[in-house]
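Basis for what follows: all heavy atoms, side chains included, without hydrogens, waters or symmetry-related copies. Note that the structure is a prediction, hence the values are computed from the model and not measured.
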Amino acid sequence: MTIYARILGMLFGAMMLLLALLITVETVIRKAFSMSLGGVDELGGYAIAIAAPLAFCVAMVEQSHIRINLVHMRLPFRVQAVLNALAALTLGLLAAFLLYFTIQTVQDTRLYGSIAQTPRATPLIYPQTVWLIAMVAFTLAAAVLTAQAMGLLAKGDWKALNRRFGPSSTQDELAAELEDLKQREQQSDEPLLDEPQADESPTGDPARKGGQS
């Protein structure tokens with residue numbers, strides 16, 4: 001699932017970069033030449049709608065969404081596991097509902113031949129079809145994770161449930177940050193944290209070379 005989320009994350013990033021480039025070009029030519037590409041705002045709306053399910057998927061797989069665990073962390077171990085399974089199930093049901101809503105919207109658009117209320121009059125079936133594909137990608141990931149959570153719950157594997165679906169603790173976040181820092185140091189071949197200089201004394205005063213005068 002990590003590779004799956006990484007691919008969707010790359011698609012999301014590429015889409016947002018392209019949108020940012022279009023907005024930049026639009027802003028520059030409007031300011032410099034009093035011209036407009038036309039339809040950038042419309043394309044931006046399509047891009048955000050399509051990118052949202054991709055971002056949902058990445059956040060779900062990477063467990064990077066915000067969870068308030070002030071009470072959760074004080075509950076008994078098994079209760080935490082059950083709540084984590086319930087959270088995964090709820091997220092899966094939400095994904096299924098969003099997919100159902102998306103399918104209904106695309107079907108209505110196809111039935112009525114809806115077009116965008118813009119000068120381009122874009123047939124909405126095209127961007128909405130891509131939106132549907134993105135929503136299917138999110139729902140598939142949610143279904144897999146929900147099935148995994150329910151399987152662990154059925155086996156009573158509380159430890160695995162909490163490890164895979166529980167919110168990160170402070171120690172986990174610190175370990176992840178230190179690991180990321182270590183990887184960046186290896187890539188840059190330079191320490192990113194300041195280390196004590198060899199010519200400093202234990203008290204923090206520079207050691208005098210050649211004795212004291």
Side-chain angles (χ1 to χ4, degrees), residues 1-16 46-110 127-184 186:
M1 290 301 293
T2 302
I3 297 177
Y4 181 76
R6 186 174 300 172
I7 293 174
L8 295 184
M10 292 174 64
L11 292 175
F12 169 83
M15 194 178 303
M16 291 297 100
Y46 299 149
I48 292 174
I50 295 168
L54 305 181
F56 295 162
C57 183
V58 174
M60 178 181 60
V61 173
E62 300 293 337
Q63 293 285 310
S64 58
H65 50 279
I66 297 175
R67 291 181 63 178
I68 308 300
N69 61 350
L70 182 62
V71 176
H72 182 276
M73 62 188 299
R74 290 174 169 80
L75 295 174
F77 191 75
R78 291 189 178 185
V79 176
Q80 291 182 15
V82 172
L83 290 178
N84 291 331
L86 180 61
L89 175 62
T90 304
L91 191 57
L93 293 175
L94 174 63
F97 171 76
L98 292 176
L99 178 61
Y100 171 78
F101 172 79
T102 306
I103 292 174
Q104 291 295 112
T105 302
V106 173
Q107 287 179 342
D108 290 343
T109 296
R110 182 178 181 182
Q128 286 184 0
T129 299
V130 182
W131 175 44
L132 175 60
I133 294 173
M135 196 62 71
V136 168
F138 168 55
T139 307
L140 286 176
V144 170
L145 293 180
T146 300
Q148 291 177 354
M150 294 300 100
L152 293 174
L153 180 64
K155 293 188 297 184
D157 195 343
W158 317 118
K159 185 176 180 180
L161 260 174
N162 285 334
R163 183 179 63 252
R164 179 64 184 87
F165 297 97
S168 300
S169 64
T170 305
Q171 291 80 5
D172 294 334
E173 293 178 355
L174 178 59
E177 290 295 332
L178 291 176
E179 180 63 24
D180 180 66
L181 179 64
K182 182 178 179 181
Q183 292 179 358
R184 284 186 286 154
Q186 292 175 350

Exercise for the section: Can you measure from CD1 (Ile50) to CZ (Phe12) and round to the nearest 0.5 angstrom? Expected result: 12.5 Å

Practice task
Look at the side chain of Tyr100 and the backbone N and O of Ala95, then say whether any donor-acceptor pair between them is shorter than 3.5 Å.
Solution key: no

Handout entry: Closest approach of Gly166 to Gln63 (non-hydrogen atoms, all atoms of both residues)
Key = O-OE1, 3.8 Å

Practice task
Using a 4.5 Å cut-off on heavy atoms from C-beta on, say whether the side chain of Leu86 contacts that of Leu153.
Solution key: no

Exercise for the section: Give, for atom CE of Met60 and atom CG of Leu94, the distance between the pair rounded to the nearest 0.5 Å. Expected result: 10.0 Å

Handout entry: Crowding at CE, Met150 (>12 non-hydrogen neighbours, <6.0 Å)
Key = yes

Fill in the blank from the handout: Minimal heavy-atom distance between Gln80 and Leu75, with the atoms involved, is NE2-O, 2.9 Å

Exercise for the section: Output the distance between atom CG (Leu161) and atom NZ (Lys155), rounded to the nearest 0.5 Å. Expected result: 9.5 Å

N/O donor-acceptor pairs under 3.5 Å from side chains in residues 141-149, not counting sequence neighbours:
| unit_1 | atom_1 | unit_2 | atom_2 | d |
| --- | --- | --- | --- | --- |
| Thr146 | OG1 | Ala88 | O | 3.1 |
| Thr146 | OG1 | Ala142 | O | 2.7 |

Handout entry: Results of side-chain hydrogen bond (donor to acceptor under 3.5 Å, both in side chains) for Thr102 - residues two or more places apart only
Key = none

Completion exercise
Taking every heavy atom of Cys57 against every heavy atom of Leu8, the minimum-distance pair comes out as SG-CD1, 3.4 Å

Handout entry: Pairwise side-chain contact, Leu99 with Phe138, heavy-atom cut-off 4.5 Å (strictly under)
Key = no

Practice task
To the nearest 0.5 Å, tell me how far Phe165 CZ sits from Leu91 CG.
Solution key: 10.0 Å

Completion exercise
What one should report as the nearest heavy-atom pair of Trp158 and Arg78 is NE1-NE, 3.2 Å

Exercise for the section: Enter the distance from Ile7:CD1 to Thr2:OG1 here, rounded to the nearest 0.5 Å. Expected result: 11.0 Å

Practice task
Might you point out which heavy atoms bring Met16 and Ala47 nearest each other, and give the distance in Å?
Solution key: CE-O, 4.0 Å

Problem - Heavy-atom closest pair, residues Gln128 and Thr105 - result: OE1-O, 3.7 Å

Problem - Approximate separation, where rounding is to 0.5 Å, of Met135 CE and Thr139 OG1 - result: 6.5 Å

Exercise for the section: May I have all residue pairs that pass side-chain hydrogen bond (donor to acceptor under 3.5 Å, both in side chains) and include part of residues 82-94, sequence neighbours excluded? Expected result: Arg67-Asn84, His72-Asn84, Asn84-Asn162

